[in-house]
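We count ligands from 1, going down the list as the structure has it; atoms in each ligand are counted the same way. The first residue in the sequence is number 1, and the count goes up from there.
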Amino acid sequence: MNISKEWIKRGEDVITRTYGRYPLVPVRGEGCWLWDADGNKYLDFLAGVAVNNLGHCHPKVVAALQQQAEKLLHCSNFYHIPQQIELAELLTANSFADQAFFCNSGAEANEAAIKLARKYSFEQHGPERYEVITALASFHGRTIGAISATGQEKVRVGFEPVVPGFNYVPFGDLDALEKAISPRVCAVLLEPVQGEGGVNVPPEGYLHAVRQLCDRYNLLLIYDEVQVGCGRTGTLFAYQHDHVEPDIMTLAKALAGGPPIGAMLARKQVAASFGPGSHGSTFGGNPLMAAAGVAAMKVLLEEKVLDNCFAMGSYLHLKLSEMQERYPFIRQVRGRGLMLGMELDREGGDIVVAAMDKGLLINCTVGNVLRFVPPLIVTRNEIDQAVEILDSIFKQL
Ligand SMILES: *Cc1c(COP(=O)(O)O)cnc(C)c1O
């Protein structure tokens, strides 16, 4: 019997259709590989959308979860949580930030960042200064606040009215950003490299110039590193490529090596605008997820994962660029580290399905950009296998 088909059929009745799901039922993962309910094996170059940066079921993350699960699963943030403190120490010691607030997802981390920016501005400049400038083609999550911040019309349609106080400018366009600055603006929120919007790398010097504008007009600079943070681009945080620090930064996806977690990091002087009662989360930074976060961060910092990401990122970029020379329907290969996009002159959905049938998992953003975000522990041999599968599909187009 086909077990996957059975699950897919059962799911159709009881799971709300918020995703257009592929007919695949993963039940086990190890490193860069996934197995489905019928025992088929897949090379996973989607990695749970840049969540499984350390590969599936990294033994140190699994051990941390097992050990913590036997001691304490949850306790309230009314108390002090050692694992949360340890994770905050690791994050602040390795970034611009002084303090961390923990939550459960990327959208929640951005909610916290937007609230903090408004509160800080309220205290410094009064109630008239609350607008946040974000980028077109950005993605910041699915809550009402996060879709309000997201510069894509399609995520807001049908959900209006959204939260007022957001203003969108083309990503990478400095003049447009400066024109959008008014006395009502309190912050600029950007992904250092856009993920869902098509793997868009800003022009050289853009973040630096944005920082200068923020300083000139007294605005907070917020980075959404939910996707690009935690090693994805070859540095621990993507902003470290440009050496341009923000005032607030959000993390989630890969932070705990798989389990759900989110974090908002900030400079002490900014974080001070939050006090007891101003924000919170029941589950945020609970002992179980924080223990996984500590284990994942230590692997990332201590085991040359970033070096591998850098080297394998260059290798995959090279291999994809070589294909661009052979196949005229490939417009551009771009990205940073192991966050790569291949823009096509056509829709990429069928290629994703064909790749899945041949045992390779990738996805497609904005209709025509194939996205490659394998685990950062990927090997040269695994990249060769992935490229071979892609090549066999491209040959037939
Ligand atoms: C995935 C993503 C989010 C949303 O994260 P969730 O955990 O799904 O809420 C926000 N920002 C960016 C840049 C993302 O890639």
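- Distance from atom 6 (P) of ligand 1 to its nearest protein heavy atom, with residue and atom name: Gly106 N, 3.4 Å.
- Residue nearest to atom 10 (C) of ligand 1, selected from Arg232, His140, Glu191: His140 (by heavy-atom distance).
- Counting protein heavy atoms only, atom 12 (C) of ligand 1 is closest to Phe139 O, 3.3 Å.
- A salt bridge links Glu322 with Lys319: the closest approach of a Lys/Arg side-chain nitrogen to an acidic carboxylate oxygen falls below 4.0 angstrom.
- Here Thr143 has no heavy atoms under 4.0 Å from ligand 1, in either its backbone or its side chain.
- Between Phe102 and Phe283, a ring centre-to-centre spacing not shorter than 6.0 Å is recorded.
- Using a cut-off of 4.0 Å between Lys/Arg side-chain N and Asp/Glu carboxylate O, Asp215 and Arg211 are scored as salt-bridged.
- Residue-to-ligand polar distances place Ala107 within reach of ligand 1: an N/O pair is separated by less than 3.5 Å.
- Using a 4.0 Å cut-off between charged nitrogen and carboxylate oxygen, Glu245 and Arg267 count as a salt-bridge pair.
- Of all the heavy atoms of Ser105, the ones lying under 4.0 Å from any atom of ligand 1 are found in both the backbone and the side chain.
- In terms of protein heavy-atom proximity, atom 11 (N) of ligand 1 is closest to Asp224 OD2, 2.7 Å.
- For atom 1 (C) of ligand 1, the nearest protein heavy atom (residue, atom name, distance) is Lys253 NZ, 1.5 Å.
- In terms of modelled atom types and a separation under 3.5 Å, the side chain of Asp38 and the main chain of Asn2 share no donor-acceptor contact.
- Not a single donor-acceptor pair under 3.5 Å links the side chain of Tyr315 to the backbone N or O of Phe310.
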